[in-house]
**Q** 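Sending over a structure as structure tokens; questions will come in a sec.
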Number of protein chains: 2
Amino acid sequence: MIRVAIADDQQLIRDGFGLILRTQPDIHVAAEAADGRQFLDAVRRDPRIDVALVDIRMPVLDGLQATRELAAIPHAPAVIVVTTFDDDAYVLDAIASGARGFLLKRCSAADLVAAVRTVAAGEAVLSAEVTGAVLDRVRATGPATRVDLAVHQLTPRETDVLALIGAGLNNTEIAERLYLSMSTVKTHVTNVLAKTGSRDRVGAAILAIQAGLTP
Amino acid sequence: MIRVAIADDQQLIRDGFGLILRTQPDIHVAAEAADGRQFLDAVRRDPRIDVALVDIRMPVLDGLQATRELAAIPHAPAVIVVTTFDDDAYVLDAIASGARGFLLKRCSAADLVAAVRTVAAGEAVLSAEVTGAVLDRVRATGPATRVDLAVHQLTPRETDVLALIGAGLNNTEIAERLYLSMSTVKTHVTNVLAKTGSRDRVGAAILAIQAGLTP
DNA sequence: GACCGGCCAGTACCTGGGTACCAGATCGGG
DNA sequence: CCCGATCTGGTACCCAGGTACTGGCCGGTC
């Protein structure tokens, strides 16, 4: 069962999305909100919401700002920004804000349902019309580095360890900082080296710096 | 014996500087030039010149450009840019071009002689009137890091080693790359760690990256 | 000439880094 | 409920990294 929240200031849109989603037996519309503040309150009240459909243009608090504030809430839902074609320039901002999907309102009902399922499964989704802009940005920022590919498959704890390696700490200091035994630290370090393809902690430290894990 | 070259398009200035410097028994005026191109030719002809007094405003090739091209010449002299008060805004450019001194022409004869001796001894000298601009720049670029203080006191060879550490190479690879024995590499590494205040090569690698030794 | 600093090199030694392998605890999902 | 992933911890082992000390060679200065 996928629990969905809908945040849009237009009653008609909320009703339309609700009708479409309720045709699916495994999707439940758990909350609706008419502005960003209501939306955040609803998410805080119901921590079981999996996916949120969020419009950019909303009173009180716009959709992008609301998405950013969502990061501070535990068990925050994955956000699909659903907006009009006029707002397609916001796609990069939406991604930067933490959205995991970007849909245009002129998409089909099937697209909407598919997007909800995709995002609920942990994937990401983009409307075809805006993928060009995203690819342009990716091209502008250069090809994917080994950093991008490797760092994201680390577990949270391994990421912690990698960040400390990048700060120049040795295993003893990492153990003290994270309240772990030396053995555990060594295990994490070994896993980090394997996953990042680094030969030793020096390479891992360089990787950590390039990935921006160190301030 | 300090050998000095004078580059200025005004005959009067060259003569005046020459008269002042020749009063000193340990200073020899070895060359004079009326433009930047002549100056570079003179330096190439006589590799024993220690100090060059260079005006900014010169025909053919200005003093700053000439100073920059000097870097490509082996045994290049240390440059003191000597210019009018109107050109004091160039002090940062002069330093960036590699000048080791910046004097205003309205300084005293004693100042000029002292500046030549100072620069010949490997120090740097600034006219009091322009130190403010330099300090402003220093403030704007932030306080000196441990990087600045430490890296510059490394020998050329030690700098090579540090750069390779920053690239993630281990001692064996550094030895191969520099055609050295493992023992020598270890010696250099130990010296680098001591001079940079790093505990191990990880810290040195971080330092190397922050210092821009790695591309 | 003596002296000094940089560079290169060697030996001997110890410690921390890294690997291999194993195992219990927890937890979310099918 | 079991499965897999994650986090934690342990033991045993090897080796690269780093230290300490020594010495020769060269180029410059005093």
Side-chain angles (χ1 to χ4, degrees), chain A residues 1-3 26 47-48 50 74-75 78 117 120-123 152-162 164-208, chain B residues 1-3 26 47-48 50 74-75 117 120-122 152-162 164-208:
Chain A
M1 180 65 75
I2 305 175
R3 293 168 181 276
D26 60 335
R48 297 178 305 171
D50 304 300
H75 307 99
R117 287 223 174 78
E123 308 287 330
H152 290 99
Q153 66 187 8
L154 296 179
T155 68
R157 208 53 166 164
E158 288 164 354
T159 307
D160 293 340
V161 171
L162 176 56
L164 294 179
I165 290 175
L169 276 65
N170 60 28
N171 287 341
T172 305
E173 290 166 335
I174 294 176
E176 291 172 354
R177 184 76 73 88
L178 298 181
Y179 305 105
L180 295 177
S181 78
M182 175 79 82
S183 307
T184 304
V185 173
K186 284 192 170 187
T187 302
H188 287 318
V189 169
T190 299
N191 292 336
V192 166
L193 297 185
K195 287 186 180 179
T196 62
S198 305
R199 184 182 42 194
D200 49 36
R201 67 195 298 108
V202 181
I206 297 170
L207 209 76
Chain B
M1 179 65 75
I2 305 174
R3 293 169 180 275
D26 60 334
R48 297 178 306 171
D50 303 301
H75 307 99
R117 287 222 175 78
H152 291 99
Q153 64 187 9
L154 296 179
T155 68
R157 209 53 168 163
E158 288 164 354
T159 307
D160 293 340
V161 171
L162 177 56
L164 294 179
I165 290 175
L169 276 64
N170 61 28
N171 288 340
T172 305
E173 290 166 336
I174 295 176
E176 290 172 355
R177 184 76 73 89
L178 298 181
Y179 304 105
L180 295 177
S181 77
M182 174 79 83
S183 307
T184 304
V185 173
K186 284 191 172 187
T187 303
H188 288 318
V189 169
T190 299
N191 292 336
V192 166
L193 296 184
K195 288 186 181 178
T196 61
S198 305
R199 184 181 45 194
D200 50 37
R201 67 197 297 109
V202 180
I206 296 171
L207 208 77

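Each chain gets a letter, A, B and so on, in the order the sequences are listed, and its residues count up from 1. Side chains are part of it too, since the values below use all heavy atoms of this structure and drop only hydrogens, waters and symmetry mates. Owing to the predicted nature of the structure, the values given are computational and were not obtained by experimental measurement.
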**Q** Got a second to check how far Leu162(B)'s CG is from Leu193(B)'s CG, nearest 0.5 Å?
**A** 9.0 Å
**Q** Please check this pair: side chain of Asp50(A) against backbone of Arg3(A), looking for a donor-acceptor N/O pair closer than 3.5 Å.
**A** yes
**Q** Quick one: bend of the helix from dG1(C)-dC30(D) to dG30(C)-dC1(D) from 5 pairs per end, to 10°?
**A**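 About 30°, once rounded to a multiple of 10°.
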**Q** Okay, side chain of Asn191(B), backbone of Ala194(B): is any donor-acceptor separation there less than 3.5 Å?
**A**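 No, the answer is negative, given that no donor and acceptor are paired below the 3.5 Å cut-off.
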**Q** Report yes if some heavy atom in the side chain of Thr184(B) is under 4.5 Å from a heavy atom in the side chain of Leu178(B); otherwise report no.
**A** no
**Q** How close do Ile206(B) and Ala167(A) get, heavy atom to heavy atom, and via which atoms?
**A**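 Looking at all heavy atoms of both residues, the shortest contact is CD1-C, 3.7 Å.
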**Q** On DNA chain C, reading 5' to 3', which nucleotide is the first and which the last to sit with an atom under 4.0 Å from a heavy atom of chain B, could you check?
**A** dG6(C) to dT11(C)
**Q** Quick one: does Thr155(B)'s side chain get under 4.5 Å of Glu158(B)'s, heavy atoms only?
**A**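 They are in contact (side-chain heavy atoms under 4.5 Å apart), so the answer is yes.
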**Q** Output the residues of residues 168-192 of chain A in contact with DNA chain C, where contact means a heavy atom of the residue under 4.0 Å from an atom of the strand; sort by number or write none.
**A** Asn170(A), Asn171(A), Lys186(A), Val189(A), Thr190(A)
**Q** Where along nucleotides 24-30 of chain D does protein come under 4.0 Å, by heavy atom, of base (B) or sugar-phosphate alone (S), with - for untouched nucleotides?
**A** -------
**Q** How close do Ser198(B) and Leu207(B) get, counting heavy atoms only, and between which atoms?
**A**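 What the structure gives for the nearest pair is OG-CD2, 4.4 Å.
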**Q** Please examine the side chains of Arg177(B) and Asp160(B), heavy atoms only from C-beta on, and report whether any two atoms are closer than 4.5 Å.
**A** no
**Q** Roughly how far, to the nearest 0.5 Å, is NE2 of His188(B) from CZ of Arg157(B)?
**A**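 With rounding to 0.5 Å, CZ (Arg157(B)) is 6.0 Å from NE2 (His188(B)).
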**Q** Quick one: list whatever passes side-chain contact (heavy atoms from CB on, under 4.5 Å) with Asn171(A), sequence neighbours left out.
**A**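 Listed in chain order: Ile174(A), Met182(A), Val185(A), Lys186(A), Val189(A), Arg201(A).
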**Q** Mind checking side-chain contact (heavy atoms from CB on, under 4.5 Å) for Glu173(B) and listing every partner two or more places apart, or none if nothing turns up?
**A** Arg199(A), Leu169(B), Asn170(B)
**Q** Nearest heavy-atom pair of Ile165(B) and Ala204(B): which atoms, and what distance?
**A** CG2-CB, 4.2 Å
